[in-house]
Number of protein chains: 2
Amino acid sequence: MTDSTKPRARGADKRRRLTAAAAEVIHRQGVERTTIADIAKTADVPVGNVYYYFKTKDDLIQAALSEHEGALSELTAELDRLPDPLGRLKALVGVWVDQRDLAARFGCPTGTLAVELDKRADGGLDQEAARVIRLLLDWAERQFRALGLADPGDLALTLVAGYQGMSLMANALRDPGIMTREGARLTRWLDTLTADVS
Amino acid sequence: MTDSTKPRARGADKRRRLTAAAAEVIHRQGVERTTIADIAKTADVPVGNVYYYFKTKDDLIQAALSEHEGALSELTAELDRLPDPLGRLKALVGVWVDQRDLAARFGCPTGTLAVELDKRADGGLDQEAARVIRLLLDWAERQFRALGLADPGDLALTLVAGYQGMSLMANALRDPGIMTREGARLTRWLDTLTADVS
DNA sequence: GTCTATATCGAGATAGAC
DNA sequence: GTCTATCTCGATATAGAC
């Protein structure tokens, strides 16, 4: 059989391109203001062809969420290579600060998506966003527990809420410096938590 | 002249009713999923008549923001009656915790609105949301400054970001308990800030 | 000032040729 | 599997009677 890969877009990675495009465009424009045409254009796929891969717009939103979930998995897998849990947590904060410009412009991808999806009456997808946030929460909790700290769940909540808060403020005020300032505060906080453990 | 007040809706408080309805419905459903008809229905005003008071949907969003701004002004005016700044700040956190059920269901009215408006390409309204958030930021900064603390602006940012973070998390995870837990943490934080000042 | 009927337009989704 | 043309519907906004 001849492998009839089209020259314009070799192979059938169209689904992946559409998924990546959905994640990116929805992050920038929000769910409601993003049209299928916007995503198709970014993915360089004809509009009508999108429906071969995704039956509905909601399927594309779901795909965008999966993309964010994947990115989060990669990130935590990377961080897990670091020897100690405190270093992992501080590195996480460092990653957030490094992405300050994106956060100041468009907010946290998952957080802003959760806000939008929670406004929907038709349930389902909003809980998907919550699930992704919970993955981060659970990972952070494991680190705090490994450090032998009391109430690791509360600490994880404080950390992730801190991230969501600083992302929202940086986004609303369009000021990346907020990520830097609040990131530094979170780092100091992590240090004080473990100051008497060493 | 006879004061021809209609029996169904006495006087011309329709504008106010529409403004209140816009604030409430937009908080619940979000900007994009709220239709003029939704607002008109809630305000008990015929759809077509809305345009006599508000030329565009954006004007209604602006009105909703003004409503939130008014509520914030009333709240801070109320808090300003308390004798000391620390008491005011702790009372503010108390108000946030008291509204935990609303926050868990629909998030912070201004915060979620800011998230949605920031996704728009056509500017203008997003900065209006930012302005309202800044009012709270400035009020908090004045309290921290009155307490004689260093970097009052940073402290105000931490407080408001804390509120936005816990509101978003409570909303995404649909858990009012998050408001209680994080509210308690903010209160403890306020106490430690001023522990060596007394 | 109030309200109904409707113009207009954009977006999601589908039919069906290739 | 791919893509164009089109159906359909819902929402903003307007025209114009009362």
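We name chains A, B, ... by the order of the sequence lines, and we start the count at 1 in each one.
Less than 4.0 Å separates DNA chain C from at least one heavy atom of each of the following residues of residues 29-38 of chain A: A:Thr34, A:Thr35, A:Ile36.
Identified under the side chain to side chain donor-acceptor pair (under 3.5 Å) test for residues 91-100 of chain A, with sequence neighbours left out: none. Sorted by first then second residue, the salt bridge (charged side-chain N to carboxylate O under 4.0 Å, His left out) pairs that include residues 69-79 of chain B, not counting sequence neighbours, are B:Glu69-B:Arg131, B:Glu78-B:Arg81.
Whole-Å rounding puts the B:Lys41 NZ to D:dA11 C1' distance at 15 Å. Look at CZ on B:Phe54: it is 16 Å from C1' on D:dA13, rounded to the nearest Å. Atom pair A:Arg17:CZ and D:dT2:P shows a separation of 10 Å (rounding to whole Å applied). Counting to the nearest Å, the P atom of D:dA11 and the CD1 atom of B:Ile26 are 15 Å from each other. Atom CG of A:Asp59 is separated from atom P of C:dA13 by 9 Å (rounded to the nearest Å). Between the CG atom of A:Asn49 and the C1' atom of C:dA15 there is a distance of 15 Å, rounded to whole Å. Rounded to whole Å, the distance from CD1 on A:Ile61 to P on C:dA13 is 9 Å.
At a cut-off of 3.5 Å, with distance as the only test, a side-chain donor of B:Gln62 or B:Glu128 sits close to an acceptor on the other residue. A donor-acceptor contact under 3.5 angstrom links the side chains of B:Thr158 and A:Glu182, judged on distance only.
Side-chain proximity of B:Tyr51 to the nucleotides C:dG12, D:dT2, D:dT12 is greatest for D:dT12. In the set D:dT2, C:dT4, D:dT14, the nucleotide with an atom closest to the side chain of B:Pro46 is C:dT4. For B:Tyr52, the side-chain atoms get nearest to C:dG1 when compared with the rest of C:dG1, C:dA13, D:dT14. Which of D:dC3, C:dA13, D:dT12 sits closest to the side chain of B:Lys57 comes down to D:dT12.
Residues A:Phe106 make up the rest of the hydrophobic cluster containing A:Leu102, defined by ILVMFWY side-chain heavy atoms closer than 4.5 Å, directly or through other members. Under a 4.5 Å side-chain heavy-atom cut-off, the cluster of Ile, Leu, Val, Met, Phe, Trp and Tyr residues that includes B:Val115 is completed by A:Val115, A:Leu168, B:Leu168.
A search for side chain to side chain donor-acceptor pair (under 3.5 Å) contacts involving B:Glu32 returns A:Arg33, not counting sequence neighbours.
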